[in-house]
Student: 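Below you'll find the structure I mean.
Just so it is clear: chains get the letters A, B, ... in the order the sequence lines come, proteins before strands, and each one is counted from 1.
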Amino acid sequence: MANMPSIPKGTRDFSPVEMLRRKHIFGTIETVFRKYGFLPLETPAMEKLETLTGKYGEEGDRLIFKVLNNGDVWKEVAPELKAALAKGEEVHPGKLATSLSGKALRYDLTVPFARYVVQHRNELAFPFKRYQIQPVWRADRPQKGRYREFYQCDADVIGSKSLLNEVELVELTAEVFNAFGLQVAIKVNDRKVLSAIAEISGQPEKVVDMVTAIDKLDKIGLEKVQEEMRAKGISETALATIAPLFRLHGTWPAQKQQLQDWLGSVPLAQEGIRDLSTVFDTAGQLGNATLEFDPTLARGLDYYTGAIFEVKANEGSLQSSIAGGGRYDDLTGIFGLKDMSGVGISFGADRIYDVLLELGKFPAELGSSTRVLFANFGDAEALHCLKLLRTVREAGIAAELYPDAVKMAKQFKYADDKGIPFVAIIGENEMKQGIVTVKEMKSGEQRAVKEGELLDAIV
RNA sequence: GUGGAUGUAGCUCAGUUGGUUAGAGCGCCGGAUUGUGGUUCCGGAGGUCGCCGGUUCAAGCCCGGUCUUCCACCCCA
């Protein structure tokens with residue numbers, strides 16, 4: 001239709017049914033967060049542009065949604081830029097952008113959190129544990145499972161270097177997905193190991209390139225990974241040096257031994273292996289979470305420095321990660337606060353939604369909320385129903401009165417559409433006799449009960 | 001940001017080499033049933049064919065642009 005209104009690219013409306021399911025996801029995650037001692041925090045949808053730029057790499061900067069300044073933006077453009085533009089000269093878009101936009105929509109929850117910690121450092125008790133469930137925005141090109149506005153559910157603890165935090169987050173993650181009844185793989189690696197590999201390769205400055213290439217192993221295969229690394233200027237000798245990484249096999253104890261034999265002489269690697277051991281051993285003794293060591297797990301964000309996690313569903317068709325996180329030693333450093341190590345995990349609610357929906361893992365009772373609908377026969381009957389409605393609601397049962405005295409068929413259809421299990425019918429006769437005709441929609445059966453027995457009839 | 005597909009009724013889709021008033025199923029509304037939904041029967045409404053422009057005597061169909069959705073890349077939750 002020509003004049004049908006619509007919403008911006010990559011954004012979505014959520015219908016009541018969808019919202020009930022989304023609330024189920026947020027609620028489950030939030031309950032677990034609270035259980036582990038995390039407290040809620042919210043930050044503004046917008047941050048100052050300078051807070052966000054340069055934190056997500058070159059690619060990330062491009063994906064930040066910038067907000068146009070209010071007022072006469074043109075007036076704020078520097079005279080020399082205007083002159084250049086008037087002459088038809090090329091102007092660096094970034095330069096122009098800073099005059100036109102001073103704020104941007106948040107790209108993730110971690111950087112605003114770091115900003116918050118630095119800004120409020122004197123008021124916080126460290127280690128500071130907070131959770132944050134809010135939307136973030138990315139100017140990415142949308143695809144399935146990839147939106148321009150989506151929610152992240154983050155839990156971070158900052159101001160503690162203890163690996164117990166990693167263990168707790170792993171436990172927390174296992175508990176969340178257990179609550180959803182979803183089989184997942186929790187993959188773990190350590191950036192220090194990856195950095196050590198880059199070190200011995202002789203091209204330590206290429207860590208980021210190596211890491212992003214290695215991360216694609218399960219998707220594109222070894223040959224293409226090596227191809228990409230060559231394209232990024234990584235030498236054949238370096239490739240040969242890091243090759244053992246792709247030959248690690250077995251599960252953790254065996255993998256650990258192979259890492260030791262290979263990298264044991266590199267101090268950074270020793271540290272990484274030791275940390276991984278601590279996490280695996282401690283989590284293993286607790287026995288709640290099953291971890292997999294994945295030496296090729298890298299994760300894109302360059303602020304990670306220690307442990308990194310990623311969660312993928314073992315069922316369903318979605319291959320991308322549904323949660324991820326890691327340790328960052330110096331995230332607050334860029335805002336001027338040194339020595340603040342933190343570790344966090346982020347759950348991708350929208351992707352979890354898609355997986356649960358595909359697998360039919362949403363609880364059935366999410367569908368309905370109202371338990372009984374009172375049919376409306378007119379003013380006198382409606383008033384009578386309002387009184388009964390109150391007692392039903394006081395018993396904690398969701399109930400509603402159809403607002404208009406329209407014909408019965410329409411009122412029953414409403415109950416049917418909305419999945420309301422019972423309809424209470426109180427016409428002139430029922431009212432006079434002090435009874436209620438209760439119809440159970442599913443079976444179609446109906447019976448008359450005394451007003452006082454209504455609650456029993458609809459349980 | 002790069003490359004490629006897509007768009008016809010609220011939804012899912014037909015629509016011949018360009019040729020009169022653009023169709024179906026589902027849904028919606030009304031009636032059969034003035035106190036009964038989900039089944040059945042009958043009737044009805046609803047589309048300037050995503051939008052803008054061009055070619056043509058004539059465009060849903062051809063061409064250009066633009067937007068949407070989807071796919072691959074990039075990157076990521």
Student: In the strands shown, is A22(B) matched to any nucleotide by a Watson-Crick or G-U wobble pair with both distances under 3.5 Å, and which?
Tutor: none
Student: Rounding to a whole Å, what distance do you find between E445(A):CD and G38(B):C1'?
Tutor: 15 Å
Student: Categorize A409(A) for me: base, sugar-phosphate, or nothing, with a 4.0 angstrom heavy-atom threshold over every strand shown.
Tutor: sugar-phosphate
Student: Counting only side-chain heavy atoms from C-beta out, which of A77(B), G35(B), C29(B) sits nearest to R351(A)?
Tutor: A77(B)
Student: Any N or O donor-acceptor pair linking the side chain of K439(A) to the base of U36(B) at under 3.5 Å?
Tutor: yes
Student: Under the side chain to side chain contact (heavy atoms under 4.5 Å, CB included) rule, collect the residues that match up with E50(A), sequence neighbours excluded.
Tutor: K48(A)
Student: What nucleic acid atoms does S321(A) come within less than 4.0 Å of, heavy atoms only: base, sugar-phosphate, or nothing?
Tutor: sugar-phosphate
Student: Return yes if the base of G35(B) and the side-chain atoms of E430(A) contain a donor-acceptor N/O pair under 3.5 Å, otherwise no.
Tutor: yes
Student: Look at the side chain of R141(A) against the base of U2(B) and say whether a donor-acceptor pair falls under 3.5 Å; ignore hydrogens and angles.
Tutor: yes
Student: Given the structure, check if the side chain of D416(A) and the base of G38(B) hold any donor-acceptor pair shorter than 3.5 Å.
Tutor: no
Student: Go through the structure and list residues passing ring pair (Phe, Tyr, Trp, His ring centres under 6.0 Å) with Y414(A), not counting sequence neighbours.
Tutor: Y402(A)
Student: Just do the ring-ring contact (aromatic ring centres under 6.0 Å, His included) check on Y36(A) and Y131(A) with the steps written out, would you?
Tutor: CA-CA 10 Å; Y36(A) 281 74; Y131(A) 72 86; over 10 Å; no
Student: Going by the rule side chain to side chain contact (heavy atoms under 4.5 Å, CB included), which residues pair with Q203(A) if we only count those two or more places apart in sequence or in a different chain?
Tutor: S201(A), E205(A), K206(A), M210(A), I234(A), S235(A), A238(A)
Student: Do Q446(A) and U36(B) have a side chain to base donor-acceptor pair shorter than 3.5 Å?
Tutor: yes
Student: With a 4.0 Å heavy-atom cut-off, tell me which residues in residues 27-39 of chain A come close to RNA chain B, sorted by residue number.
Tutor: none
Student: Mind telling me whether H24(A) and F362(A) have parallel, tilted or perpendicular rings, with 30° and 60° as the class edges?
Tutor: perpendicular
Student: Categorize G10(A) for me: base, sugar-phosphate, or nothing, with a 4.0 angstrom heavy-atom threshold over every strand shown.
Tutor: sugar-phosphate
Student: Checking base pairs now: Watson-Crick or wobble, both atom distances under 3.5 Å. What partners A72(B)?
Tutor: U2(B)
Student: How many whole angstroms separate atom CG of D417(A) from atom P of U36(B)?
Tutor: 17 Å
Student: Without decimals, in angstroms, what is the distance between E228(A) CD and C74(B) C1'?
Tutor: 10 Å
Student: Should G60(B) form a Watson-Crick or G-U wobble pair with both distances under 3.5 Å, which nucleotide is its partner?
Tutor: none
Student: What is the pairing partner of C51(B), taking Watson-Crick or G-U wobble pairs with both distances under 3.5 Å in any strand?
Tutor: G65(B)
Student: Once you apply the 3.5 Å cut-off to both distances, tell me the Watson-Crick or G-U wobble partner of U16(B), or none.
Tutor: none
Student: Partners of T11(A) by side chain to side chain contact (heavy atoms under 4.5 Å, CB included), sequence neighbours excluded?
Tutor: I7(A), P8(A), E149(A)
Student: Which residues pass the side chain to side chain donor-acceptor pair (under 3.5 Å) test with Q411(A), sequence neighbours left out?
Tutor: none
